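Because the structure is predicted, anything quoted here is derived from the model rather than measured. Sequence lines set the chain letters: A, B, ... in the order given, protein chains first and strands last, and positions in each chain run from 1.
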Number of protein chains: 2
Amino acid sequence: MKIKELEQLLSARHIKPTAMRLLVLEYLQQQNAAVSLKEAEEAYEKADRITLYRTLKTFEEKGLIHHIDDGSGATKYALCEEGCQCAPEDLHVHFHCNSCQKTFCMPKVAIPAFQLPSRFNLQEINLMAKGICADCF
Amino acid sequence: MKIKELEQLLSARHIKPTAMRLLVLEYLQQQNAAVSLKEAEEAYEKADRITLYRTLKTFEEKGLIHHIDDGSGATKYALCEEGCQCAPEDLHVHFHCNSCQKTFCMPKVAIPAFQLPSRFNLQEINLMAKGICADCF
DNA sequence: TTCTAGATTGCAATACCGTTGCATGCCCTA
DNA sequence: TAGGGCATGCAACGGTATTGCAATCTAGAA
Ligand SMILES: [Mn+2]
Ligand SMILES: [Mn+2]
Ligand SMILES: [Zn+2]
Ligand SMILES: [Zn+2]
């Protein structure tokens, strides 16, 4: 993707397009699985770990990416779908492969409804499915 | 609960009933919310943190308790229901209160079904609901 | 009863991951 | 062109999980 397009993606979310941010955004777009901070770090060895951390934090605050808590111990990050507002209706299932350890967004799989006892006020839902992914099957 | 009964609970799961384990089991039974290692540690100051850690590990391996990854950063533990085999049908929703920070098992709330793309082989599910609990509402 | 092998416990040390403080550098604008 | 604010890089820190090893305990064999 051209620099111009990347810059527009950032600007649309009110993120100043710096060199570092363009690199990270490009990197995220190339992934088909969610990435951890460490993975991003290893992909761009010249980049500083902390800057990378803060870049991801910024991206998340601005709604460009979302984080996934897959139980592996390391938080993963993935680009939001186009038009995502990180609203309840944008929530989706995540899948963690017990074989290759990759974590995938399943944007097509909405989180099914369930009934909590009354007086429990629901605000967020995180549904992690685990098993063997399509590539490892 | 009497020592005898606690010992039987442990023996039924093939866990040798030591003094430490009886204490921890009794402590777990008194809780209405899942507990973290730190909380257990503070409740029994004379107990060693590592021993506590290994006790919980043992309990989990033997199917007496299960752990809950509520996204708070600290793993929580809770007793399994009587007769639980930690099988798919024993899975249930967990609720984390954003106000009091407690995490509850909802053994009555089964995890609803959802459809993954074929070729994704499902093995485990972790459904964390978050919001305001009945006590804080 | 005495001895011994194996399990359990306690203490120390380590591995990660996430997070913050602070100094420096860069860019935009008045 | 000088100043202010944001971005970056380095260092340090805090919390949790985990392992190594030696001391201790326990159950069973002899
Ligand atoms: Mn996702
Ligand atoms: Mn539970
Ligand atoms: Zn896989
Ligand atoms: Zn609460």
Side-chain angles (χ1 to χ4, degrees), chain A residues 3 6-7 9-11 13-27 34-62 64-78 96 101 103 126 128, chain B residues 3 6-8 10-11 13-27 34-62 64-78 96 101 103 126 128:
Chain A
I3 300 277
L6 295 174
E7 285 180 348
L9 277 176
L10 292 178
S11 297
R13 298 281 186 175
H14 306 101
I15 304 167
K16 258 194 230 172
T18 67
M20 168 98 261
R21 288 170 179 173
L22 290 169
L23 277 177
V24 174
L25 174 55
E26 188 181 37
Y27 170 70
V35 298
S36 66
L37 177 58
K38 190 148 95 81
E39 286 163 347
E41 195 185 336
E42 285 163 0
Y44 285 96
E45 297 194 5
K46 53 186 172 183
D48 178 66
R49 191 174 67 92
I50 311 301
T51 305
L52 220 32
Y53 168 74
R54 284 196 265 234
T55 299
L56 292 172
K57 276 286 183 201
T58 300
F59 281 7
E60 184 174 21
E61 279 164 18
K62 300 297 188 177
L64 182 61
I65 66 178
H66 60 284
H67 79 260
I68 305 151
D69 206 352
D70 63 9
S72 71
T75 304
K76 305 284 176 65
Y77 300 87
H96 178 75
Q101 312 300 324
T103 297
N126 177 26
M128 276 302 314
Chain B
I3 299 277
L6 295 174
E7 284 180 349
Q8 282 174 10
L10 291 178
S11 297
R13 299 281 187 173
H14 307 100
I15 304 168
K16 261 194 226 172
T18 67
M20 169 98 261
R21 288 169 178 174
L22 290 170
L23 277 178
V24 175
L25 175 55
E26 189 182 36
Y27 170 69
V35 297
S36 66
L37 177 57
K38 188 148 94 83
E39 286 164 346
E41 195 186 336
E42 285 164 0
Y44 285 95
E45 296 194 7
K46 53 187 171 183
D48 179 66
R49 191 174 65 90
I50 310 301
T51 305
L52 220 32
Y53 168 74
R54 284 196 265 235
T55 299
L56 292 172
K57 276 284 182 203
T58 300
F59 282 7
E60 185 174 22
E61 278 165 19
K62 301 296 189 177
L64 182 61
I65 66 178
H66 60 284
H67 79 261
I68 304 151
D69 207 351
D70 64 8
S72 70
T75 304
K76 304 285 175 65
Y77 300 87
H96 178 75
Q101 312 298 325
T103 296
N126 178 25
M128 277 301 315

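- To the nearest angstrom, P of C/dA7 lies 17 Å from CG of B/Leu10.
- OP1 or OP2 of C/dG18 sits under 4.0 Å from a side-chain N or O of A/Thr75.
- Between the P atom of D/dT8 and the CG atom of A/Leu56 lies a distance of 12 Å, rounded to the nearest Å.
- Between B/Leu37 and B/Thr75, every side-chain heavy-atom pair lies at or beyond the 4.5 Å cut-off.
- Whole-Å rounding puts the B/His67 NE2 to D/dA17 P distance at 10 Å.
- Not one side-chain nitrogen or oxygen of B/Thr55 sits closer than 4.0 Å to the OP1 or OP2 atom of C/dT8.
- A heavy-atom distance below 4.0 Å to DNA chain C is reached by these residues of residues 46-54 of chain A, ordered by number: A/Arg49, A/Ile50, A/Tyr53, A/Arg54.
- One atom, CD1 of A/Ile15, and another, P of D/dC6, lie 15 Å apart when rounded to the nearest Å.
- Listed for the A/Arg49 side chain is no donor-acceptor partner under 3.5 Å among the backbone atoms of A/Glu41.
- Summarising the geometry, the separation between CD on A/Glu61 and P on D/dC6 is reported as 13 Å, rounded to the nearest angstrom.
- Here the C1' atom of nucleotide C/dT19 and the NZ atom of A/Lys38 are 18 Å apart, to the nearest Å.
- When the C1' atom of C/dC17 is taken as reference, atom CD of A/Glu41 falls 11 Å away, rounded to whole Å.
- Residue B/Lys57 has a polar side-chain atom (N or O) positioned under 4.0 Å from OP1 or OP2 of D/dT18.
- A/Arg21 places its CZ atom 11 Å from the P atom of D/dC6, with the value rounded to the nearest Å.
- We find the OG1-NE2 distance between A/Thr103 and A/His96 to be 5.0 Å, quoted to the nearest 0.5 Å.
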Test A/Ile68 against A/Met128 for side chain to side chain contact (heavy atoms under 4.5 Å, CB included), laying out the working first.
-> CA-CA 9 Å; A/Ile68 305 151; A/Met128 276 302 314; 3.9 Å; yes

May I have the step-by-step check of side chain to side chain contact (heavy atoms under 4.5 Å, CB included) for A/Leu52 and A/Val24, ending in yes or no?
-> CA-CA 8 Å; A/Leu52 220 32; A/Val24 174; 3.5 Å; yes

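- Annotation: salt bridge (Lys or Arg N to Asp or Glu O under 4.0 Å) contacts of A/Lys38 (sequence neighbours excluded): A/Glu42.
- At a threshold of 4.5 Å between non-hydrogen side-chain atoms, the residues A/Arg21 and A/Phe59 count as touching.
- Side-chain N/O atoms of A/Thr18 include none lying less than 4.0 angstrom from OP1 or OP2 on D/dC6.
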